[in-house]
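Working notes, structure below.
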Amino acid sequence: MNKLKNIFEPLRSINPRTMVILIVAEAVVALAAWQLSGGGLIPTPDKVVSAIGRIFVMPDFIDNLFASLVLTVKGMTISILIALVISYLSIVPFFQPLARFVIKCRYLTLTGLIFLFTLLTQNGHQLKISLLIFGIVPFFVTSLLSVIDGINKQEYELCTTLRMNSWQTLWEVIIVGRLDQVFEVMRQNFAIAWLMITSVEGLSMSEGGLGVMLIKANKYVQLDVVFGLLVIIFLIGMAFDYILGLFRHWLFPYTKLQTR
């Protein structure tokens with residue numbers, strides 16, 4: 001009785017087993033509600049599962065999936081490098097205006113900038129990579145600057161007492177000392193990249209991708225295929241999030257101790 005009461009009370013913690021049961025129960029209720037309320041244009045879960053089976057046997061599915069993964073990883077890697085340079089240089093007063101401007105760029109919509117990026121790039125691949133970078137970097141820099149702003153002043157004072165200069169303090173406190181948090185920021189922002197990939201692929205269909213498959217299915221009103229692709233994209237995103245979480249605990253095992 002107390003366990004049931006704890007589920008509905010704020011600020012209560014429940015054990016992992018109860019949480020798994022809660023997740024499974026809510027998922028079953030949601031699927032049952034979807035099945036009962038579906039019909040018409042909205043495909044029911046059984047039709048979506050059937051569509052997923054057909055998608056996996058499509059001859060171009062693996063190629064499109066591989067194209068989306070390569071584009072996401074490439075765009076994410078370049079974005080991380082650019083964001084890290086901007087964030088670390090923001091410690092230098094001369095570069096602070098640049099970092100603050102990049103943060104504000106997250107309010108710029110890509111829709112109005114597509115024409116500009118089309119003029120600045122030479123082909124569809126460069127256009128998609130540029131849009132991905134422009135969409136990811138401002139959010140990445142925002143998160144990294146929050147990490148840097150949250151550093152305790154005592155850590156800087158400790159470096160001063162150890163007779164370190166400014167660049168040594170930057171290396172020890174911000175770069176090396178916050179690598180685990182940088183990895184966590186990268187993990188969180190990977191979701192943004194994966195979210196954007198289908199929209200970006202719709203701008204240039206020459207290399208294929210899951211976004212191209214989605215657009216074609218929408219064009220021919222194959223809604224069961226659309227929902228099936230969305231489920232596949234959702235599951236792949238969750239798998240990446242889980243794998244990156246495992247890598248974080250493997251690379252920085254002390255973070256696992258802190259979260260217990």
Exercise for review: To the nearest 0.5 angstrom, please state how far the CD1 atom of Ile174 sits from the OG atom of Ser90.
Suggested key: 7.5 Å
Check your understanding: Do you know which two heavy atoms are closest between Met196 and Leu131, and how far apart they sit?
Key -> CE-O, 3.6 Å
**Study point:** Heavy-atom donor-acceptor pair, Asn64 side chain to Asp60 backbone, under 3.5 Å
**Key:** yes
Exercise for review: Could you tell me whether Lys128 and Glu201 make a salt bridge, using a distance below 4.0 angstrom between a side-chain N and a carboxylate O?
Suggested key: no
Check your understanding: For Asp46, does its backbone N or O pair with a side-chain atom of Ser50 as donor and acceptor, under 3.5 Å?
Key -> no
**Study point:** Side chains of Val147 and Val182 in contact at under 4.5 Å (non-hydrogen atoms)
**Key:** no
Exercise for review: Please answer: with hydrophobic residues joined when any side-chain heavy atoms are less than 4.5 Å apart, are Leu210 and Leu235 in the same cluster?
Suggested key: yes
Check your understanding: Is there side-chain contact between Val48 and Asp224, with heavy atoms separated by less than 4.5 Å?
Key -> no
**Study point:** Joint hydrophobic cluster, Ile197 plus Val70, side-chain heavy atoms closer than 4.5 Å
**Key:** no
Check your understanding: Do Ile52 and Val57 sit in the same hydrophobic cluster, where Ile, Leu, Val, Met, Phe, Trp and Tyr count as joined when their side-chain heavy atoms come under 4.5 Å apart?
Key -> no
Study note, to complete from the structure: Closest non-hydrogen contact found for Leu127 with Thr118 is CD1-N, 3.8 Å
Point to revise | Within residues 15-29 or reaching into it, pairs that qualify as side-chain hydrogen bond (donor to acceptor under 3.5 Å, both in side chains) - sequence neighbours excluded | key: Asn15-Thr18
Revision key, fill the gap. Heavy-atom closest pair (Ser68 atom, Gly209 atom, distance to 0.1 Å) is OG-CA, 3.4 Å
**Study point:** Straight-line distance of Asn152 CG to Glu157 CD, nearest 0.5 Å
**Key:** 8.0 Å
Exercise for review: Give every residue pair that meets the ring-ring contact (aromatic ring centres under 6.0 Å, His included) criterion with at least one member in residues 174-193, sequence neighbours excluded.
Suggested key: Phe190-Phe240
Review point. Do any N or O atoms from the side chain of Glu172 and from the backbone of Gln168 form a donor-acceptor pair under 3.5 angstrom?
Key: no
Practice item. Taking ring pair (Phe, Tyr, Trp, His ring centres under 6.0 Å) as the test, write out the residues that go with Phe66, two or more places apart. Key: none
Point to revise | Point-to-point distance, once rounded to the nearest 0.5 Å, from CD1 of Ile103 to CZ of Arg100 | key: 5.0 Å
Exercise for review: Mind running side chain to side chain contact (heavy atoms under 4.5 Å, CB included) on Gln188 and Glu184 for me, showing each step along the way?
Suggested key: CA-CA 6 Å; Gln188 294 172 4; Glu184 180 61 23; 3.3 Å; yes
Review point. When rounded to the nearest 0.5 angstrom, what distance separates OH in Tyr88 from CH2 in Trp171?
Key: 8.5 Å
Practice item. May I have the step-by-step check of side chain to side chain contact (heavy atoms under 4.5 Å, CB included) for Asn189 and Met76, ending in yes or no? Key: CA-CA 9 Å; Asn189 283 274; Met76 192 69 188; 3.9 Å; yes
Check your understanding: Backbone N or O of Leu158 within a donor-acceptor pair of the Thr161 side chain at under 3.5 Å?
Key -> yes
Exercise for review: Apply side chain to side chain contact (heavy atoms under 4.5 Å, CB included) to Ser130 and Leu120, showing your working.
Suggested key: CA-CA 9 Å; Ser130 302; Leu120 296 176; over 6 Å; no
Check your understanding: Does Ile233 offer a backbone N or O that forms a donor-acceptor pair with the side chain of Trp194 under 3.5 Å?
Key -> yes
Point to revise | Whether Trp34 side chain and Pro43 backbone form a donor-acceptor pair below 3.5 Å | key: yes
Practice item. Can you run down the ring-ring contact (aromatic ring centres under 6.0 Å, His included) pairs that involve residues 214-234, sequence neighbours left out, and say none if there aren't any? Key: none
Review point. Yes or no on side chain to side chain contact (heavy atoms under 4.5 Å, CB included) for Asn123 and Thr121, after CA distance, side-chain angles and deciding distance?
Key: CA-CA 6 Å; Asn123 51 51; Thr121 53; over 6 Å; no
Study note, to complete from the structure: CD1 (Ile215) and OG1 (Thr198) are apart, to the nearest 0.5 Å, by 8.0 Å
Review point. Taking it one step at a time, do Arg178 and Glu155 satisfy salt bridge (charged side-chain N to carboxylate O under 4.0 Å, His left out)?
Key: CA-CA 12 Å; Arg178 295 296 181 278; Glu155 294 189 45; 2.6 Å; yes
Check your understanding: Looking at CD of Gln96 and CG of Leu89, how far apart are the two atoms once the value is rounded to the nearest 0.5 Å?
Key -> 11.0 Å
Exercise for review: Under the ring pair (Phe, Tyr, Trp, His ring centres under 6.0 Å) rule, collect the residues that match up with Phe61, sequence neighbours excluded.
Suggested key: Phe56
Review point. Is Leu69 reachable from Ile62 through a run of I, L, V, M, F, W or Y residues, each pair having side-chain heavy atoms under 4.5 Å apart?
Key: yes
Check your understanding: Is there a chain of hydrophobic side chains (I, L, V, M, F, W, Y, each step under 4.5 Å between heavy atoms) that links Phe94 to Leu170?
Key -> yes
Practice item. Check whether any side-chain heavy atom of Gln181 sits under 4.5 Å from a side-chain heavy atom of Leu144, and report yes or no. Key: no
Practice item. Over all heavy atoms of both residues, which pair between Thr169 and Cys159 is shortest? Give the atoms and the distance, please. Key: OG1-CB, 3.5 Å
Practice item. For the residue pair Met58 and Met213, establish whether any side-chain heavy-atom pair is separated by less than 4.5 Å. Key: yes
Review point. Taking C-beta and beyond as the side chain, do Arg12 and Glu9 meet within less than 4.5 Å on heavy atoms?
Key: yes
Point to revise | Heavy-atom pair with the smallest gap, counting every atom of Val225 and Ile55 | key: O-CD1, 3.6 Å
Practice item. Could you note down all residue pairs passing ring-ring contact (aromatic ring centres under 6.0 Å, His included) where residues 106-158 supplies at least one of them, sequence neighbours left out? Key: Phe117-Phe134
Point to revise | Over all atoms of both residues, closest heavy-atom pair of Leu31 and Pro45 | key: O-CG, 3.9 Å
